[in-house]
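Every number for a ligand or one of its atoms is a count from 1 in the order of the listing. In this text the structure is predicted, and so the values were computed from the model without any measurement.
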Amino acid sequence: MAFDYDLFVIGAGSGGVRASRLAAMAGAKVGVAEEDRAGGTCVIRGCIPKKYMVYASEFGRSLKHMEGYGWKVGEPVYDHNLFMDRMHREIDRLSGIYARNVRNAGAELIDDRAEFIDAHTLQLKKAGKTITAGKILISTGGKPVMPKEVKGIEHAITSDAMFHLKELPKHILIIGGGYIAVEFAGIMSGLGVTTCLAYRKDVVLRGFDDDVRTHVQEELKRKGVKVITNAEPERIEKTGDRLTTYFTNGEKVTADKVLFAIGREPNTATLGLDKAGVERKKNGAVAVDDYSRTNVPHIFAIGDVTDRLNLTPVAIREGQAFAQTEFMNRPTAFDHADVPHAVFAQPPVGVVGLTEAEARKQFGMVDIYKTKFRPMKDMLTGDEERVLMKIVVRAEDERVVGVHIVGPDAPEIIQAVAIAVKMGASKDDFDRTCALHPSIAEELVTMREKFIPPELKPMP
Ligand SMILES: Cc1cc2nc3c(=O)[nH]c(=O)nc-3n(C[C@H](O)[C@H](O)[C@H](O)COP(=O)(O)OP(=O)(O)OC[C@H]3O[C@@H](n4cnc5c(N)ncnc54)[C@H](O)[C@@H]3O)c2cc1C
């Protein structure tokens, strides 16, 4: 049977763009449908604008730091509209590059929403026509979860809206304890907004190393963010422009904006996957094997819609592996181990490999090396911020299985450390590496003493 396309890709985000470009460059006839803008979550409402907002929010503290170094700075003024305007112009530029790159590779980019009619046929909703494809790649990403059971939830916003605030609120309540909630807490508080973060558990950043979690929570509080824990939102009441959120534990918080950042769900709800016979996991994510194959042999899925590791570089690498396997005759499965990742909190977090708890569960005996210190720069600024560094080592062969950093430039440092960890470096390899002085990162190669919990230390 002749199809309209060799490959049709649904969604031109991080993963879809990489896959479609490579497949088209390998000679396949490729169509890509994008219902919003090329670039997807990362470019339009994720990593990129988020990081610009982090940069914007950091300048306030930098100005204070300058005084410690002899600079006299006048009363600083932040112009939100000017910043937003510049940021969105950059996003437009990047989205344009993504679209151009797809077209330049020879793929057809279609401004439309695609839904399955059957396993080889898709409907393009705006155009009102159907197309057929030999292979179909689902790369529709995810979207923020909003809890319908919270009364008055229509008054709250998601992370998507944070990139379009016409003006900064005076007071914001952020509900959630994942990386997006923590990042926005840092951004808002850095921009001078009175910020409260409410989380239903004890400590933010579930899934991260326990030392990292407590360190980040302490730093949030030290920067003036009010952190309320063990609090589930029950209802939101609007009085004039003010929103009061009531929690099950009796707490209530009044703010001008309420941001829900409690998680994201795969974009599969109205995609018509049942019509194509594609199986989903309990949370709606498309179920795939190591080669991103669904249960239907010619249908594949990559990126956040599969809910494996929801990060841009992972979606890109899954898209690349898919194209290599299906169109370039080079069967490739992306290895999800030791993917470095960051939380652009203030200070930021950089992580690669296992947490201490995961390593103990997996290997039994592990050695821990950790240190907390004030960075040299802050000796003159008076800032009390602390750096945390932690190395998790598998005891049986001294292999470094996890590195966790909270501190300035942690994401930049961890990207380089990730090479060593991925190569299987041992603690001895770290020790043999000469320090670069003076730097924060030198602590990684100068930690010699295993951490012994106080309760296990011999009595003096
Ligand atoms: C606030 C925030 C901050 C983040 N920060 C980071 C970070 O710092 N680092 C990092 O690595 N990751 C970060 N992420 C995650 C990252 O953005 C995602 O992991 C990544 O974008 C996933 O890529 P994807 O290709 O799977 O999906 P997406 O990039 O989401 O692309 C999916 C595309 O499909 C389109 N689409 C959906 N359904 C259809 C349909 N039926 N028809 C046509 N088009 C459709 C959507 O419009 C979208 O453009 C962040 C996410 C958020 C929300």
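Taking the ring centre of Tyr5 as origin, the terminal cationic atom of Lys29 falls inside the region bounded by 6.0 Å and 45° from the ring axis. Remark: Lys135 qualifies as a cation-pi partner of Phe327 under the 6.0 Å distance and 45° angle criteria applied to the six-membered ring. With a 6.0 Å cutoff to the six-membered ring centre and a 45° limit on the axis angle, Arg235 counts as a cation-pi contact of Tyr246.
Every atom of ligand 1 is numbered from 1 in the order shown, and the set under 4.0 Å from a heavy atom of Gly15 is 25 (O). Near Cys42, with a cut-off below 4.0 Å to any heavy atom, the atoms of ligand 1 are 17 (O), 21 (O). Each of the following atoms of ligand 1 lies closer than 4.0 Å to a heavy atom of Arg113: 38 (N), 39 (C), 40 (C), 41 (N), 42 (N), 43 (C). Counting atoms of ligand 1 from 1 in the listed order, those under 4.0 Å from a heavy atom of Leu271 are 41 (N). In the vicinity of Lys50, heavy-atom distances shorter than 4.0 Å reach the ligand 1 atoms 3 (C), 4 (C), 5 (N), 6 (C), 7 (C), 8 (O). Taking every non-hydrogen atom of Ala33 and a distance limit under 4.0 Å, the qualifying atoms of ligand 1 come out as 43 (C), 44 (N). Each of the following atoms of ligand 1 lies closer than 4.0 Å to a heavy atom of Ser139: 32 (C), 33 (C), 34 (O). Interface of Pro313 with ligand 1, defined as ligand atoms under 4.0 Å from a residue heavy atom, comprises 11 (O).
Note: no N/O pair closer than 3.5 Å links Phe344 and ligand 1 by distance alone. Residue contacts with ligand 1: Thr41 is placed with a nitrogen or oxygen under 3.5 Å of a nitrogen or oxygen of the ligand (distance criterion only). Note: an N/O pair closer than 3.5 Å links Thr312 and ligand 1 by distance alone. Residue Tyr179 has at least one nitrogen or oxygen atom sitting less than 3.5 Å from a nitrogen or oxygen atom of ligand 1, judged on distance alone.
Aromatic ring centres of Phe59 and Phe83: separated by at least 6.0 Å. A centroid separation of 6.0 Å or more is found between the aromatic rings of Phe260 and His155.
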Which is it for Phe184 and Tyr179 under the ring pair (Phe, Tyr, Trp, His ring centres under 6.0 Å) test, yes or no, and what are the steps along the way?
CA-CA 9 Å; Phe184 275 116; Tyr179 81 95; 9.8 Å; no
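Taking atom 2 (C) of ligand 1 as the reference point, the nearest protein heavy-atom neighbour is Gly46 CA, 3.5 Å. Given atom 31 (O) of ligand 1, the protein heavy atom at minimum distance is Gly13 CA, 3.3 Å. With hydrogens left out, the protein atom closest to atom 27 (O) of ligand 1 is Gly141 CA, 3.3 Å, a heavy atom. Ranking protein heavy atoms by distance to atom 13 (C) of ligand 1, first place goes to Cys47 SG, 3.3 Å. Of all protein heavy atoms, the one lying nearest to atom 26 (O) of ligand 1 is Asp304 N, 2.8 Å. Counting protein heavy atoms only, atom 34 (O) of ligand 1 is closest to Gly11 CA, 3.2 Å.
The minimum heavy-atom distance linking Ala24 with Ala105 is given by the pair CB-O, 3.3 Å. Residue Asp304 comes nearest to Gly142 through the heavy atom pair CB-N, 3.9 Å, listed as atom of the first residue, atom of the second, then distance.
Ser292 places no side-chain N or O within 3.5 Å of a backbone atom of Ile302 that could act as its donor or acceptor partner. A donor-acceptor pair is defined here as one N or O able to donate and one able to accept, closer than 3.5 Å; no such pair exists between the side chain of Asp256 and the backbone of Pro169. A donor-acceptor pair under 3.5 Å is absent between the side-chain atoms of Glu58 and the main chain of Tyr55, judged by distance alone.
For His341, the heavy-atom gap to ligand 1 stays at 4.0 angstrom or more. Residue Asp112 places a heavy atom less than 4.0 Å from ligand 1. For Glu34, the closest heavy-atom approach to ligand 1 falls below 4.0 Å. Every heavy atom of Lys125 sits 4.0 Å or more from the atoms of ligand 1.
The proximity of Thr140 to ligand 1, defined as any non-hydrogen pair under 4.0 Å, involves the side chain as well as the backbone. Using a 4.0 Å cut-off between heavy atoms, Arg264 contacts ligand 1 through its side chain alone, with no backbone atom that close. The part of Ile180 lying near ligand 1 is the side chain, judged by heavy-atom distances below 4.0 Å.
For Asp378 and Arg374, the salt-bridge test fails: no basic side-chain N is under 4.0 Å from an acidic carboxylate O.
Across the listed options Glu115, Glu35, Arg45, Glu35 owns the non-hydrogen atom lying nearest to atom 44 (N) of ligand 1. Closest heavy-atom approach to atom 42 (N) of ligand 1 within the set Ala114, Ala269, Ala315, Gly319: this belongs to Ala114.
Between the side chains of His65 and Asp383, a donor-acceptor pair is found at a separation under 3.5 Å. Side chains of Thr121 and Thr130: no donor on one and acceptor on the other come within 3.5 Å.
Atom NZ of Lys151 sits in a sparse spot, with 12 or fewer heavy atoms from other residues, nucleotides or ligands closer than 6.0 Å.
The only member of Lys64, Lys372, Lys223, Lys377 that meets salt bridge (charged side-chain N to carboxylate O under 4.0 Å, His left out) when paired with Glu385 is Lys223.
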